[in-house]
Amino acid sequence: MTKQSIVFFDIDGTLLDHDKELPASAKQAVSDLKAQGHIAAIATGRAPFMFEPLRKELGIDTYVSYNGQYAVSQDEVIFTNPINKTSIEELTKMAVENDHPLVYMNESMMKSNIEYHPHVDQSLKSLKFSHPEYDPDFFKNRHLYQSLLFCTAGEEKPYEEAFDDLTFIRWHEFSMDIIPRGGSKANGIQKMIQHLGIPLENVYAFGDGLNDIEMLKAVPNSIAMGNGLSEVKEAAKLVTKPVDEDGILHGLKKVELIK
């Protein structure tokens, strides 16, 4: 009998193409993977509420979200790593002084500390989301698993120097993910496989972006998308075809998890 493996898929540029559409071949490949008795999982920088329709379409109930800060196995929360409340309060003060908007995110929604800003609008529109509602106090008295800082390249340096307990990861020319220092998809995956009792040699991961590098280095069976950045391809064991050229299907066949 084939040993059960778990395969973690990034979303943007991996499962979804550049138009944020799921290729039919990727949907079929995930279905075939599950039919073989393996676990299909997601590992993403997105919030859970930002990919619920995709989870339902693929029949996936296991995921690592917020770049590892919020992990769910079979619809059960198994690990959370919220941002330090004092740090987010101090970060807010600094961002307001610098006229850099913030978006606060918990497991179920996101709110902005500014009524409208074009950088917020443009960044989130690239993910097919609208500008979040205004609630400057959203960070108070609740757990946040990620925040978004809106600034251009280089403007993040003072923040990185001021907050040694936070990690800043650029995902858009105007926006950066903010997560707790030490948090990563790799860490979330480690918590997941410990929970499920799956040995590391049976863990696979697909990715294309900078926030996938640590994950791809951490798992023995790592696959970079053909459309991925060169640094991502260097970090992976294998490179499959681009997402819009049946990359998921080709990759799963290449590692012989489906036929």
Side-chain angles (χ1 to χ4, degrees), residues 5-30 33 39-48 50-51 53-55 57-58 60 62-69 71 122-129 146 148 153 167-177 179 183-189 192 203-255 257-258:
S5 294
I6 185 167
V7 185
F8 291 92
F9 299 97
D10 170 54
I11 292 179
D12 300 290
T14 300
L15 281 174
L16 300 185
D17 63 20
H18 307 295
D19 296 320
K20 305 301 176 190
E21 299 293 336
L22 176 69
S25 63
K27 184 175 181 179
Q28 186 59 52
V30 170
L33 179 71
I39 300 171
I42 284 172
T44 181
R46 288 188 180 218
M50 297 175 91
F51 61 99
L54 180 64
R55 292 201 305 274
E57 185 173 359
L58 292 173
I60 289 177
T62 296
Y63 56 90
V64 171
S65 61
Y66 281 135
N67 287 313
Q69 312 322 300
Q122 194 170 332
S123 301
L124 289 172
K125 200 170 278 181
S126 74
L127 299 175
K128 293 200 170 178
F129 283 90
Q146 185 166 285
L148 304 179
T167 295
F168 297 80
I169 306 166
R170 184 164 294 282
W171 64 274
H172 187 277
E173 63 174 313
F174 296 138
S175 186
M176 303 196 75
D177 291 337
I179 59 173
S184 68
K185 289 185 182 183
N187 187 47
I189 286 172
M192 183 66 70
V203 181
Y204 295 74
F206 284 74
D208 73 300
L210 294 177
N211 65 340
D212 296 317
I213 290 176
E214 203 167 340
M215 167 179 80
L216 296 177
K217 286 181 175 178
V219 307
N221 310 294
S222 53
I223 303 102
M225 303 302 290
N227 51 278
L229 299 171
S230 58
E231 308 98 294
V232 180
K233 293 176 180 177
E234 287 168 16
K237 296 289 192 303
L238 295 171
V239 178
T240 184
K241 293 179 180 179
V243 57
D244 53 4
E245 294 177 25
D246 303 331
I248 295 296
L249 176 66
H250 180 76
L252 288 173
K253 285 183 175 179
K254 205 168 183 178
V255 295
L257 287 180
I258 62 173

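In what follows, residues are counted from 1 in the order of the sequence shown.
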>> Walk me through whether H250 and E245 qualify under side-chain contact (heavy atoms from CB on, under 4.5 Å).
In response: CA-CA 9 Å; H250 180 76; E245 294 177 25; over 6 Å; no
>> Give me the atom names and distance for the closest heavy-atom approach of A26 to L15.
In response: CB-O, 4.5 Å
> Would you find a donor on one side and an acceptor on the other, under 3.5 Å apart, between the side chain of K128 and the backbone of D19?
Replying inline: yes
>> How close do P48 and S65 get, counting heavy atoms only, and between which atoms?
In response: CG-OG, 3.5 Å
>> Just verifying a value: how many Å separate F8 CZ and N221 CG, rounded to the nearest 0.5 Å?
In response: 12.0 Å
> About how many Å separate CG of L22 and CD of Q28, when rounded to the nearest 0.5 Å?
Replying inline: 11.0 Å
> Where do K20 and R46 come nearest, in terms of heavy atoms and distance?
Replying inline: CD-NH2, 4.1 Å
>> For a 4.5 angstrom cut-off between non-hydrogen side-chain atoms, does K185 reach D10?
In response: yes
> Looking only at heavy atoms, which two atoms of F174 and S123 are closest? And how far apart?
Replying inline: CB-OG, 3.6 Å
> To the nearest 0.5 Å, how far apart are CD1 in I60 and CZ in F9?
Replying inline: 7.0 Å
>> With a sphere of 6.0 Å drawn around NZ of K233, does it hold more than 12 non-hydrogen atoms of other residues, nucleotides or ligands?
In response: yes
> When rounded to the nearest 0.5 angstrom, what distance separates CG in D12 from NE2 in H18?
Replying inline: 11.0 Å
> Below 4.5 Å, heavy atoms only, C-beta onward: do L252 and L33 meet side chain to side chain?
Replying inline: yes
> Tell me, do K237 and L216 make a side-chain contact under 4.5 Å, heavy atoms counted?
Replying inline: no
>> Once rounded to the nearest 0.5 Å, what's the spacing between atom CD1 of I189 and atom CD1 of I6?
In response: 8.0 Å
>> Return the OG to NZ distance between S184 and K217, rounded to the nearest 0.5 Å.
In response: 12.0 Å
>> Do W171 and L127 make a side-chain contact, defined as non-hydrogen atoms from C-beta onward lying under 4.5 Å apart?
In response: yes
> Between I11 and M50, is a side-chain contact (heavy atoms from CB on, under 4.5 Å) present by the stated rule, with each step listed?
Replying inline: CA-CA 11 Å; I11 292 179; M50 297 175 91; over 6 Å; no
> Which atom names give the shortest non-hydrogen contact between P23 and V243, and what distance separates them?
Replying inline: CG-O, 3.7 Å
> Does some side-chain heavy atom of V7 sit less than 4.5 Å from a side-chain heavy atom of L257?
Replying inline: yes
>> Are E57 and K27 packed together at the side-chain level, in the sense that at least one heavy-atom pair is separated by less than 4.5 angstrom?
In response: yes
> Checking D212 side chain against D208 main chain: does a donor-acceptor pair fall under 3.5 Å?
Replying inline: yes
> Side chains of D177 and L148: does their closest heavy-atom pair fall under 4.5 Å?
Replying inline: yes
> Which residue, N211, T167, N187, forms the side chain to side chain contact (heavy atoms under 4.5 Å, CB included) with N67?
Replying inline: N211
>> I need the minimum non-hydrogen distance between M192 and A71, along with the two atoms involved.
In response: CE-CB, 4.1 Å
>> Do R170 and L210 have side chains that approach each other closer than 4.5 Å (heavy atoms only, starting at C-beta)?
In response: no
> Does T240 use its side chain to pair, donor to acceptor, with the backbone of G247 at less than 3.5 Å?
Replying inline: yes
> Take atom NZ in K254; do more than 12 heavy atoms of anything else shown fall under 6.0 Å from it?
Replying inline: yes
